[in-house]
There are 2 protein chains.
Amino acid sequence: MAGREPTYSIGELAEDFAVTPRSLRFYEDQGLLSPARCGSSRIYSHRDRGRLALICRGKRLGFSIAEIKEFLELYEADDHQVEQMRYVATRARSRIDSLERQLADVQQTLAELRALAATVETHLQSHGVTETPDRRSP
Amino acid sequence: MAGREPTYSIGELAEDFAVTPRSLRFYEDQGLLSPARCGSSRIYSHRDRGRLALICRGKRLGFSIAEIKEFLELYEADDHQVEQMRYVATRARSRIDSLERQLADVQQTLAELRALAATVETHLQSHGVTETPDRRSP
DNA sequence: CCTTACCTTTACGTAAACGTCAACTTCGAG
DNA sequence: CTCGAAGTTGACGTTTACGTAAAGGTAAGG
């Protein structure tokens, strides 16, 4: 019953996540990944794949590499000593606080932008333009 | 009845908007501002002040200097050229879309983090620790 | 006259997150 | 054997939005 864990080359994993091999090496330099080696070639495990998924998500969220690294360590610490759990709890809470602030920021920005869009569209309407802008031949 | 328009030195304006003089010079280099000169000193008019307000707002909204420059040129060009307003509206909408995606992502992350925090705290409780962790002297 | 505060220009420095190039090595296919 | 594709490690280039001296001008106040 031994299904061997799948492994990936740098190119495969890069393509799967639509990043470049260069990025994967960079993440490794920064300590976010540490794939096994076969000779000098990198061999990525299923866990590495999971970590990369988290990295990509973090990037989508606009976090820096350093922040993402903290995240990863946070998830890693999952099955560590009880003593360290306090630290994890503290980090998680502080992370949540920061995210809540970011959430508020984004919502504020959205509000401003929607107001701007509304203003502009009102102006457009007052010029007799009500439809979604078609492109006219110039 | 001729109240002269107020003018500002670089330092005044910078302080008013909580930016550095360096930033104002930079914005000028980038063509976002072009204050009058008295000798070599910059003299900012009321209009310049208005432009700076737009610049700061653009920054808050997450636009790049280059994008803000485009907007300023649009506002400048004609107060209401329909074609140009469409462009602004399009940009705003696209930014809104992107922010809405980001919002969803952040909310998702928050949910996960809260779950993690809850898990960790449950673990801590099961070890007889119920209070918020105080910082002990090391 | 001298200091102080504020202004000027020029120009190099910084941080993030890779891109890009060079200069190999390695491996399976033909 | 040879080729090309894909891998490796440096190391320097790029972009954005300024920071940070360096070196000096100018006007007010003591």
Side-chain angles (χ1 to χ4, degrees), chain A residues 6-45 48-49 51-73 98 102 105 109, chain B residues 6-45 48-49 51-73 91 95 98-99 102 105:
Chain A
T7 63
Y8 315 86
S9 74
I10 193 170
E12 285 166 1
L13 202 57
E15 192 172 10
D16 286 359
F17 286 84
V19 300
T20 64
R22 174 70 179 96
S23 296
L24 295 190
R25 295 191 194 102
F26 178 72
Y27 297 152
E28 187 173 341
D29 280 354
Q30 303 303 305
L32 276 70
L33 290 174
S34 41
R37 295 298 185 119
C38 176
S40 66
S41 291
R42 292 163 175 83
I43 309 278
Y44 294 88
S45 70
D48 291 324
R49 205 188 152 89
R51 291 174 72 90
L52 181 53
L54 284 178
I55 293 171
C56 290
R57 192 149 82 90
K59 295 229 62 190
R60 277 207 321 281
L61 297 181
F63 291 105
S64 71
I65 294 294
E67 287 173 313
I68 293 171
K69 186 179 176 186
E70 285 186 72
F71 259 111
L72 286 173
E73 283 160 3
S98 143
Q102 186 183 339
D105 272 0
T109 301
Chain B
T7 63
Y8 315 86
S9 75
I10 192 171
E12 283 167 1
L13 201 58
E15 192 173 9
D16 286 0
F17 285 84
V19 300
T20 64
R22 174 70 179 97
S23 296
L24 296 190
R25 297 191 193 100
F26 178 72
Y27 297 151
E28 187 173 340
D29 280 354
Q30 303 304 303
L32 277 69
L33 290 174
S34 40
R37 294 297 184 120
C38 175
S40 66
S41 290
R42 292 164 174 82
I43 309 277
Y44 294 88
S45 70
D48 291 324
R49 205 188 151 89
R51 290 175 73 89
L52 181 53
L54 282 179
I55 293 170
C56 291
R57 189 166 133 97
K59 295 225 65 186
R60 275 206 318 282
L61 297 181
F63 291 103
S64 73
I65 294 294
E67 288 173 313
I68 293 171
K69 185 180 177 185
E70 287 185 80
F71 291 150
L72 284 174
E73 282 161 1
R91 298 288 268 199
R95 179 104 197 125
S98 141
L99 277 177
Q102 185 180 338
D105 272 354

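Each chain gets a letter, A, B and so on, in the order the sequences are listed, and its residues count up from 1.
A salt bridge is defined here as a Lys NZ or Arg NE, NH1 or NH2 lying under 4.0 Å from an Asp or Glu carboxylate O, and B:D16 with B:R49 meets this definition.
Of the two residues near DNA chain C, B:G11 and B:D29, the one whose nearest nucleotide lies more 5' is B:G11. The residue among A:E12 and B:T20 whose nearest nucleotide of DNA chain D is located toward the 5' end is A:E12.
Heavy-atom neighbours of B:Q30 CD from other residues, nucleotides or ligands within 6.0 Å: above the threshold of 12. Around CD of B:E67, the count of heavy atoms belonging to other residues, nucleotides or ligands within 6.0 Å exceeds 12.
Rounding to the nearest 0.5 Å places OH of A:Y27 at 8.0 Å from CG of A:L32. Atom CZ in A:R51 sits 11.5 Å away from atom CD1 in A:I68 (nearest 0.5 Å).
If you take CG of A:L13 and P of D:dA6, they are 16 Å apart, rounded to a whole angstrom. Atom CZ of A:R22 is separated from atom C1' of D:dT14 by 13 Å (rounded to the nearest Å). For the pair B:I68 CD1 and D:dT16 P, the interatomic distance rounds to 13 Å; values are reported in whole Å. Remark: P of D:dG10 and CZ of A:F26 are 16 Å apart, rounded to the nearest angstrom. D:dT16 atom P lies 12 Å from atom NZ of B:K59, rounded to whole Å.
Not one side-chain nitrogen or oxygen of A:R42 sits closer than 4.0 Å to the OP1 or OP2 atom of D:dG7.
With A:I10 as the partner, the side-chain contact (heavy atoms from CB on, under 4.5 Å) test is satisfied by one option alone out of A:I43, A:L24, A:T20: A:L24.
Along DNA chain C, the stretch of nucleotides lying under 4.0 Å from any heavy atom of chain A spans, 5' to 3', C:dA17 to C:dT20.
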